[in-house]
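Read the numbers this way: they start at 1 and go in the same order the structure lists the ligands and their atoms. All values below were derived from every heavy atom in this structure, side-chain atoms included, with hydrogens, water molecules and symmetry-related copies excluded. Remember, it's a predicted structure, so these values are computed and weren't measured experimentally.
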Amino acid sequence: MKFSKRLLIVLLVAVISTALIVLEKFKMPLNIFLWRYIFDAGHIPLFGVISIAFLGISQTFWERRFANPMIHYIIAFIFAGLLGLVTEVIQYFTPRDADLWDIINDGIGAICFLGLYFTFDRRLTGSGVFLSRKLKYIIRLAVVILGLVAMMPTINWIGAYLSRNIRFPVICNFESNWEQKFVFTNNASLSIVPSPEYFADSIGNNVGRIDFNKNGQPNFMIVEPYPDWTGYDNLSFSIFSENPETINIELQINDRQYNKNNENRFNKLLSINPGLNKITVPLKEITNAPKNRQLDMHKISLIALSLAQPDSNITIYLDNFRLK
Ligand SMILES: [Ca+2]
């Protein structure tokens, strides 16, 4: 083999190794929805590049062996697919999660990049494989659509974050579908309903109806609200209770440093009377809540409302979480 060919193969192997190192190094940089989805989508270009490198190796190594240039594409796809499978299988045996979607994204990345390269490949000329100009454009269009569809969950999350950031200092008012990507319940159900007339706070709008189950520790959570709360004085929101008696609801606020220790976050028991309750919590109180430190008001990560072992199922309505 000629020196230049050897060099090319070494280079291509280096490209593949670098792509794998990137994959390993940046696995779950932060436990944040957006990063997770961006990382998942990152499999597409990464394995796209890997498949092109395999194509280059195959075309260089077995240049004369296969008369049909398509064989190299099939080899590249199989090798990229196998590598994707192997990296996930290895993860299966480590604390990290193996993910079928990652393998699918690996395959999609390989198809998109190989497909695109195919329409530009000069080696095809004179090999018997002929692509009309029209067919080339159809392949390119199909590849772009496939890539976009595969990246849809990520694009969706980017939309949700942009919308969240634009709406701030409103944190949650149940008026946007984007918002619901950040809202969760445990042992409770959330439904977005038109504001009941007596919820004088927000007539004509929607509110969140939470049905807490009496079993377990039901809660409602706003995960990853807009994180930087500096420059504001109060957190406020409204709770409407249908209960004939006063109920106690615990408000919890975490920052990203929260370590599952109750003293390491803000906790406050709210007495919720029948009817409308307007809650205002000074941010100073929240900042100074943890026992041995201050809450990082640049990095708020969770707002939760929970009930401790209610005697019966309890329904409340929530609205207008915001800073002032
Ligand atoms: Ca509302």
| Asn205 near the Ca ion (ligand 1): N/O/S under 3.0 Å |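 Coordinating: no.
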
| request: Flag Asn320 as yes if one of its N/O/S atoms falls below 3.0 Å of the Ca ion (ligand 1), otherwise no. | output: no

| request: May I ask you to decide if the ring planes of Tyr117 and Tyr73 are parallel, tilted or perpendicular, using 30° and 60° as cut-offs? | output: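 The rings of Tyr117 and Tyr73 sit tilted, inter-plane angle from 30° to 60°.
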
| Partner of Phe220 by side-chain contact (heavy atoms from CB on, under 4.5 Å), out of Thr185, Asn186, Ile303, Ile249 |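 Per the side-chain contact (heavy atoms from CB on, under 4.5 Å) rule, the option paired with Phe220 is Thr185, out of Thr185, Asn186, Ile303, Ile249.
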
| query | Which heavy atom of Asp106 sits nearest a heavy atom of Gly84, and at what distance? | reply | OD2-CA, 3.3 Å

| query | So which N/O/S atom does Glu175 have closest to the Ca ion (ligand 1)? | reply | OE2

| request: To the nearest 10 degrees, calculate the angle at the Ca ion (ligand 1) involving O of Asn206 and OD2 of Asp319. | output: 90°

| request: Could you tell me whether the side chain of Asp319 and the main chain of Gly208 form a donor-acceptor pair under 3.5 Å? | output: no

